[in-house]
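Numbering of ligands and ligand atoms starts at 1, following listing order.
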Amino acid sequence: MGKQKLLERYPTLIRMMNYEEVVWENDYDRAMNPNTFTIEETYDAEARLSRFSSYLKEVFPALQKTNGIIESPLVEVPAFARTIDGFNGRLYVKCDHELPISGSIKARGGIYEVLVFAEKVAMVHGGLTEGDDYAKLVNCRELFAQYTIAVGSTGNLGLSIGLMGATLGFSVTVHMSADAKAWKKDLLRSRGVTVVEYEDDYSAAVANGRAQAAMDPRCHFVDDENSRDLFAGYSVAALRLKQQLDEANITVNEEQPLYVYLPCGVGGAPGGVAFGLKHVFGEHVHIYFAEPTHAPCMTIGMMTRLHDAVSVQDFGIDGITEADGLAVGRASGFVGQMMEGMIAGCYTVDDAFLFDSMRKLEETEGMFLEPSAHAAVKGAHIWKQQRGTHIVWATGGSMVPDEERYVYRQMFK
Ligand SMILES: *Cc1c(COP(=O)(O)O)cnc(C)c1O
């Protein structure tokens, strides 16, 4: 279908071309349900993460207190909720910005995919078996040094892959788009990671990384647009959230539904979490993906059902936003198709909202999240009248250096 036809059929696109904030509600009955992923893969990922816990505890002191499990707290934010006029439910933040090792939601999928690769190499060439104490992997650095891990990234995925990969001993190359923050590149280089920079956007960085990796049989390419491992790693979050809600005596049912707002870039992270949540909570969870008005690739892909066959650039939308974790022009087709039967909808957020929200959250709760994460907050504004439990998925922020926070705060005004 040509652009003109699409604009006629989906007039919301015209508003999106003008960078207006929009809401798109899904009608589930049109779902294709391609069944490309199963919950067994989620349980498999959970088990693998627990096999690695003794190793992770050994190499990352921050994981001592959780026994090698990478998890974040769920925190109620009543003072912040009061800044939302007429908010009816209870508001929580899922603090993935505090996730150990890399301070973003990518510490779920990204680290998991590196562990999958490490386990494979160690089992084939290092004599590792499933029943072993994985702490012995500290002795495999020389083996891992013969292998390369490559990834294309807007920033946080590169950080997670780079920090985990380098710790294990792999040689890591991160292909980064021009809009990636300098401090992330500097941090990676300080850990011995090779950073290749691209003037083009994120898709170009991924395409180049993928092509280079394909030429090297000892190179594993982390494919953000298509990876099942990433998706599996993210999906484990839902099992852990269920446990946290239980511990907090929060029930999820018809009277007390769960609303979850997830910032969306290419779609893997929110998609994986959504997949798990839908399995755990069924019809009582309502999941919305949040995107910047300047990079609404998933909203366009879902609305038109064209998924990765369309990009924001096709509609003259520039992809330029301060929410660098969400600065993606084309969504994952694999994730988009699966989400047709799972998410309640998508919405877009103006950058100005992000900075306003950053100020309010710091003032009321003393909590700093990077701009991308604040896209989730808008959902609590849009669906404020719904009773029940609302969760803002805070996808990143704790590793943002003080100088950068200062720069952001100047934008509050
Ligand atoms: C990567 C990222 C997201 C979105 O994840 P995708 O898998 O790209 O959809 C959201 N917020 C932050 C801070 C991120 O780094």
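- Looking only at atom types and distance, the side chain of Glu119 has a donor-acceptor partner in the side chain of Tyr134 under 3.5 Å away.
- Closest to atom 4 (C) of ligand 1 among all protein heavy atoms lies Gly265 N, 3.5 Å.
- Nearest protein heavy-atom neighbour of atom 8 (O) of ligand 1: Val266 N, 3.0 Å.
- Among all non-hydrogen protein atoms, the one lying nearest atom 14 (C) of ligand 1 is Lys106 NZ, 2.8 Å.
- Here is the list of ligand 1 atoms found below 4.0 Å of a heavy atom in Gly325: 1 (C), 2 (C), 3 (C).
- The protein heavy atom nearest to atom 7 (O) of ligand 1 is Ala269 N, 2.8 Å.
- Residue contact check: Gly267 has heavy atoms under 4.0 Å from atoms 6 (P), 7 (O), 8 (O), 9 (O) of ligand 1.
- For atom 10 (C) of ligand 1, the nearest non-hydrogen atom of the protein is Leu326 CD2, 3.4 Å.
- Of the N and O atoms on the side chains of Glu71 and Thr66, not one donor lies less than 3.5 Å from an acceptor on the other residue.
- In summary, the side chains of Asn253 and His284 do not present any donor paired with an acceptor at a separation below 3.5 Å, with no hydrogens or angles considered.
- In summary, Glu403 and Lys181 do not engage in a salt bridge, as defined by a charged side-chain N under 4.0 Å from a carboxylate O.
- Protein heavy atom nearest atom 11 (N) of ligand 1, with residue, atom name and distance: Thr395 OG1, 2.7 Å.
- Heavy-atom proximity to Pro263, at under 4.0 Å, picks out these atoms of ligand 1: 4 (C), 10 (C).
- Side-chain contact of Glu25 with Tyr347: a donor-acceptor pair under 3.5 Å is absent, judged by distance alone.
- Atoms of ligand 1 found under 4.0 Å from any heavy atom of Pro270 (numbered from 1 in listed order, with element): 5 (O), 6 (P), 7 (O), 9 (O).
- Closest approach of Thr364 and Lys360 over heavy atoms only: OG1-O, 2.8 Å.
- Under 4.0 Å from ligand 1, the heavy atoms of Asn156 that appear belong solely to its side chain.
- Tested against Leu168 for a side-chain contact (heavy atoms from CB on, under 4.5 Å), the candidates Leu115, Val59, Ile149, Val121 yield a single pass: Leu115.
- When each atom of ligand 1 is checked for a heavy atom of Glu370 under 4.0 Å away, the hits are 13 (C).
- You'll find the ring centres of Phe353 and His374 outside the 6.0 Å limit.
- Contact between Cys264 and ligand 1 is present, with at least one heavy atom of the residue lying under 4.0 Å from the ligand.
- Defined by atom type and a distance below 3.5 Å, a donor-acceptor pair is missing between the side-chain atoms of His220 and Tyr147.
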